[in-house]
Q: 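Before I ask anything, here is the structure I am working with.
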Amino acid sequence: MKNINEILTLTDEIEIIEAVGTIIWDKKQEADELSEGETNFILIDIFEGAINEGGFLHFFNNEVGDYAREVLEAYKKIGAPKTANIIAKAIGLFGINNFHDELEKRKNAIAKLDENALSGWEDLEEIFFEDEQEEDVVTLIVEYIRNNTSEFNYV
């Protein structure tokens with residue numbers, strides 16, 4: 001296993017993300033407690049996977065949606081306020097006090113949403129994918145890791 005300083009000498013940002021991600025996921029499998037930085041990394045990773053798989057409906061309609069508020073905060077912590085704002089708006093489409101961290105309650109809330117909310121999610125997905133070039137999350141994550149190496153300190 002490489003240490004974080006060795007990983008950060010890689011020149012390709014995707015390689016850095018993949019190396020750090022592999023170590024964190026392996027650590028999580030061993031039931032080790034994750035640091036705040038590692039947790040933020042994982043939250044962004046699961047969100048990106050869900051949104052790429054099926055958009056906000058897929059994200060909210062699965063267990064990963066239980067962590068929507070934490071995902072929003074993780075994006076803020078890496079310096080991605082535009083993405084955080086998109087997620088906040090997606091949560092807001094549930095209406096006041098209708099978003100639930102618990103899957104079954106959230107599924108019931110989704111079933112009651114009108115077409116405006118669902119099309120609102122689709123609009124936000126378009127913005128999310130269009131703004132990816134404007135707010136380079138990969139670069140922001142690598143910078144976050146560089147600025148918080150103690151959170152990713154592997155032996």
Side-chain angles (χ1 to χ4, degrees), residues 1-94 99-101 103 106 110 113 117-155:
M1 186 181 309
K2 291 183 175 183
N3 72 37
I4 193 65
N5 294 323
E6 290 174 34
I7 292 170
L8 290 173
T9 63
L10 297 170
T11 56
D12 185 301
E13 290 179 333
I14 298 296
E15 287 181 30
I16 293 170
I17 297 287
E18 289 174 351
V20 171
T22 298
I23 292 169
I24 294 172
W25 281 108
D26 288 349
K27 182 178 177 182
K28 183 142 180 53
Q29 295 301 321
E30 295 169 8
D32 286 347
E33 191 171 314
L34 299 179
S35 69
E36 179 182 341
E38 292 167 328
T39 300
N40 290 328
F41 183 98
I42 293 294
L43 288 167
I44 291 169
D45 190 39
I46 62 171
F47 172 76
E48 297 266 339
I51 202 83
N52 283 310
E53 176 126 354
F56 280 107
L57 182 59
H58 178 74
F59 174 68
F60 289 125
N61 226 2
N62 286 283
E63 289 178 351
V64 294
D66 294 357
Y67 303 98
R69 291 182 178 109
E70 291 88 345
V71 167
L72 185 152
E73 290 304 314
Y75 276 98
K76 287 181 184 177
K77 288 176 184 172
I78 67 161
K82 291 179 181 180
T83 304
N85 188 45
I86 291 168
I87 296 166
K89 287 180 179 180
I91 293 170
L93 288 172
F94 277 92
F99 175 80
H100 300 281
D101 293 332
L103 180 58
R106 196 170 54 255
I110 290 170
L113 290 175
L118 299 176
S119 66
W121 282 343
E122 291 173 3
D123 293 343
L124 289 170
E125 290 161 19
E126 284 183 37
I127 295 167
F128 173 81
F129 289 113
E130 287 173 8
D131 284 352
E132 276 187 317
Q133 280 65 29
E134 190 175 322
E135 198 168 67
D136 186 351
V137 173
V138 170
T139 298
L140 291 171
I141 290 171
V142 171
E143 284 305 307
Y144 178 77
I145 293 167
R146 287 187 197 283
N147 294 330
N148 297 280
T149 55
S150 66
E151 294 286 320
F152 300 88
N153 204 5
Y154 311 111
V155 179

Q: Evaluate the side-chain contact (heavy atoms from CB on, under 4.5 Å) criterion for residues H58 and V64: first the C-alpha distance (whole Å), next the side-chain angles of each, then the deciding distance (0.1 Å), finally the verdict.
A: CA-CA 9 Å; H58 178 74; V64 294; 5.9 Å; no
Q: For the pair H100 and F94, evaluate side-chain contact (heavy atoms from CB on, under 4.5 Å) and give the outcome as yes or no after the intermediate values.
A: CA-CA 9 Å; H100 300 281; F94 277 92; over 6 Å; no
Q: Check for a donor-acceptor pair, side chain of E135 on one end and backbone N or O of K82 on the other, with a separation under 3.5 Å.
A: yes
Q: Taking atom CG of N61 and atom CD1 of I110, what is their separation to the nearest 0.5 Å?
A: 4.0 Å
Q: Could you label the plane-to-plane angle of the F152 and F41 rings as parallel, tilted or perpendicular, counting under 30° as parallel and over 60° as perpendicular?
A: perpendicular
Q: Side chains of I24 and D45, heavy atoms from C-beta outward: is any pair under 4.5 Å?
A: no
Q: So which atom in F99 and which in G65 form the shortest heavy-atom distance, rounded to 0.1 Å?
A: CZ-O, 3.6 Å
Q: To the closest 0.5 Å, what do you measure between CD (E143) and CD1 (I16)?
A: 9.0 Å
Q: Exactly one of L72, I86, V71 should register a side chain to side chain contact (heavy atoms under 4.5 Å, CB included) with I91. Which one does?
A: L72
Q: Compare all side-chain heavy atoms of I141 with those of E48 and state whether any distance is below 4.5 angstrom.
A: no
Q: Using a 4.5 Å cut-off on heavy atoms from C-beta on, say whether the side chain of K77 contacts that of N148.
A: no
Q: Main chain of N5, side chain of N3: is a donor-acceptor contact present, judged purely on distance under 3.5 Å?
A: yes
Q: Given side chains that start at C-beta, do those of V137 and Y75 come closer than 4.5 Å, heavy atoms only?
A: yes
Q: Drop me the distance from T22's OG1 to I7's CD1, to the nearest 0.5 angstrom.
A: 9.0 Å
Q: Any heavy-atom pair between the side chains of F129 and N52 that's under 4.5 Å?
A: yes
Q: More than 12 foreign heavy atoms under 6.0 Å from CD of E13: is that the case here?
A: yes
Q: Rounded to the nearest 0.5 Å, what separates atom CD1 in I145 from atom CG in L140?
A: 11.0 Å
Q: Looking at OG1 of T9 and CD1 of I4, how far apart are the two atoms once the value is rounded to the nearest 0.5 Å?
A: 10.0 Å
Q: Is any side-chain heavy atom of F59 closer than 4.5 Å to a side-chain heavy atom of I46?
A: no
Q: I need the I87 CD1 to E70 CD distance, nearest 0.5 Å.
A: 11.5 Å
Q: Going by the angle between their ring planes, with limits at 30° and 60°, are W121 and F56 parallel, tilted or perpendicular?
A: tilted
Q: So which atom in I17 and which in V142 form the shortest heavy-atom distance, rounded to 0.1 Å?
A: CD1-CG2, 3.9 Å
Q: Would you find a donor on one side and an acceptor on the other, under 3.5 Å apart, between the side chain of N40 and the backbone of E36?
A: yes
Q: Given side chains that start at C-beta, do those of L93 and L113 come closer than 4.5 Å, heavy atoms only?
A: no
